[in-house]
Trainee: 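So that we are looking at the same thing, I have put the structure below in structure tokens.
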Amino acid sequence: MQGFGREVILGVGGGIAAYKSCELLRRLRDHGFGVTVVPTPSSLNFVGSATWEALSGRKVTTEVFESVEEVRHVSLAKKANFIVIAPATADLMARIAAGRADDLLTNVILASNSPILIVPAMHPEMWNDAATKANVATLRSRGYHVMDPDTGALTSGDVGQGRFPETSRILEEFSTVVGTRADLLGKKVLVTAGGTREAIDPVRFIGNQSSGKQGYAIARSAQQRGANVTLISANSSLADIEGIRTLKVESAHQMLEALESEFSQTDILVMSAAVADARPLQVADSKIKKSDYTNISLVENPDILKTLASLRKHQIIIGFAAETSENLEIAQEKMVAKGADILYLNDISGGDIFNSETTHGYILARGKEPQKVAQTTKDTLAHQLLDEALLQLG
Ligand code: C5P
């Protein structure tokens, strides 16, 4: 999804360490990145396209002369915010340093202006060869981030420097490459998560199915991007996130109260909690009788989002709408009526959103065409929403 800053091309060179890149791909996706794999033809001897397609959920090609009408190397290069080449062989680095473009991956690299992380893995003799050393120096001088391989035992049985680094070390390096864009640094982000409970009596309540996963994903993503995050969590069983101030509430009223005291110091408010629209008029002191169930009178809850929108100064407000139909017009009207700047229309028609790891729907933003979000992780959506909020915040 262009413009949202989370698109990665994973270039795979023809070395045995290609299989370790499968793990890297999975972790990148866990961190909310969309990954397109571009293997070199020789790397397919180690890991085939089917594996990459299954793990990335995307089509994989190695050929420049496939789908020529799409000018694939240019469109891939434009779409990518980051390129990771793992593993990079001595030959692949030599080709990049020489400016060759003899397969799809090297074409994409030449056509791209995005930050590129190179993770070499090869036999120590090849790593220490003068030609490889010169190529690495050239690449570094041109701004490529080239990691040093680990030292240890190699597949050949030899010991030395040339091992593919542990995934955690690659991710650390990658986050410093990405982290140059800690774009929420100094911003205050307030997130609501979970679902409110409206007491009927001491043991019963009106509640909903919200797990809090989406709100927690937003809080975590904002924190990763440098924001100062406060999370208002309603009845979620998820574990607290280290470094995030979390206020626990139960009812819509408690949520409103907590938000009112936080809102003025906030830059971005994300209302991902499912708030009950109504509550029992009276809360019984003791457990009500079966016969009283049909006599519970309800009273409307305040619309929290709308209330806060009326108090806003510079804040950007993101709302959520869980709908069983994809009616974009109704959602657009809801966004305006509530005073939200951005609204995520969560398509729950398949019943697969609550407590699920994935989501799909539409991002609506004022003055823009709705943007379809195909099935993706809640982390990815979190980053997409934060990107949009930042754009609007200017
Ligand atoms: O009207 P609807 O419930 O579909 O709106 C959903 C959005 O409004 C969510 O962002 C939710 O957090 C917020 N909301 C609210 N107060 C309510 C009901 C919903 O802030 N009483």
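Only this structure's heavy atoms are used, side chains among them; waters, hydrogens and symmetry mates stay out. Each ligand, and each atom within it, is numbered from 1 in the order the structure gives.
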Trainee: Are any of the side-chain nitrogens in R29 or D379 under 4.0 Å away from the carboxylate oxygens of its partner?
Mentor: no
Trainee: Any N/O of K334 closer than 3.5 Å to an N/O of ligand 1?
Mentor: yes
Trainee: May I ask you to check if ligand 1 and I304 share an N or O to N or O distance below 3.5 Å?
Mentor: yes
Trainee: Select one of side chain, backbone, both or neither to describe which atoms of A322 lie under 4.0 Å from any atom of ligand 1, heavy atoms only.
Mentor: neither
Trainee: Regarding K334 and E329, does a basic nitrogen lie under 4.0 Å from an acidic carboxylate oxygen?
Mentor: no
Trainee: Check whether any N or O atom of F320, backbone or side chain, sits under 3.5 Å from an N or O atom of ligand 1, and answer yes or no.
Mentor: yes
Trainee: Based purely on interatomic distance, does A273 place a nitrogen or oxygen under 3.5 Å from a nitrogen or oxygen of ligand 1?
Mentor: yes
Trainee: Between D267 and K188, is the closest basic N to carboxylate O distance under 4.0 Å?
Mentor: no
Trainee: For L305 and ligand 1, does the shortest N/O to N/O distance drop below 3.5 Å?
Mentor: yes
Trainee: Less than 4.0 angstrom from a charged side-chain N to a carboxylate O is my criterion; do R95 and D91 meet it?
Mentor: yes
Trainee: Do the side-chain N and O atoms of R58 and T36 include a donor-acceptor pair separated by under 3.5 angstrom?
Mentor: yes
Trainee: Heavy-atom contact check, 4.0 Å cutoff: does K338 meet ligand 1?
Mentor: yes
Trainee: Could you tell me whether T192 approaches ligand 1 through its side chain, its backbone, both or neither, with non-hydrogen atoms closer than 4.0 Å?
Mentor: neither
Trainee: Kindly confirm or rule out an N or O of P302 lying under 3.5 angstrom from an N or O of ligand 1.
Mentor: yes
Trainee: Can you sort out the partners of F320 under ring pair (Phe, Tyr, Trp, His ring centres under 6.0 Å), two or more places apart, ordered by chain and number?
Mentor: Y344
Trainee: Is the H383 ring parallel, tilted or perpendicular to the F33 ring (thresholds 30°, 60°)?
Mentor: parallel
Trainee: Which option wins on minimum heavy-atom distance to atom 18 (C) of ligand 1: N346, L256, D277?
Mentor: D277
Trainee: Between K248 and D240, does at least one N-O distance fall below 4.0 Å, as a salt bridge requires?
Mentor: yes
Trainee: Report, in ascending order of atom number, the atoms of ligand 1 lying under 4.0 Å from any heavy atom of M271.
Mentor: 9 (C), 10 (O), 12 (O), 20 (O)
Trainee: Within a distance under 4.0 Å of any heavy atom of G319, pick out the atoms of ligand 1 and give their elements.
Mentor: 10 (O)
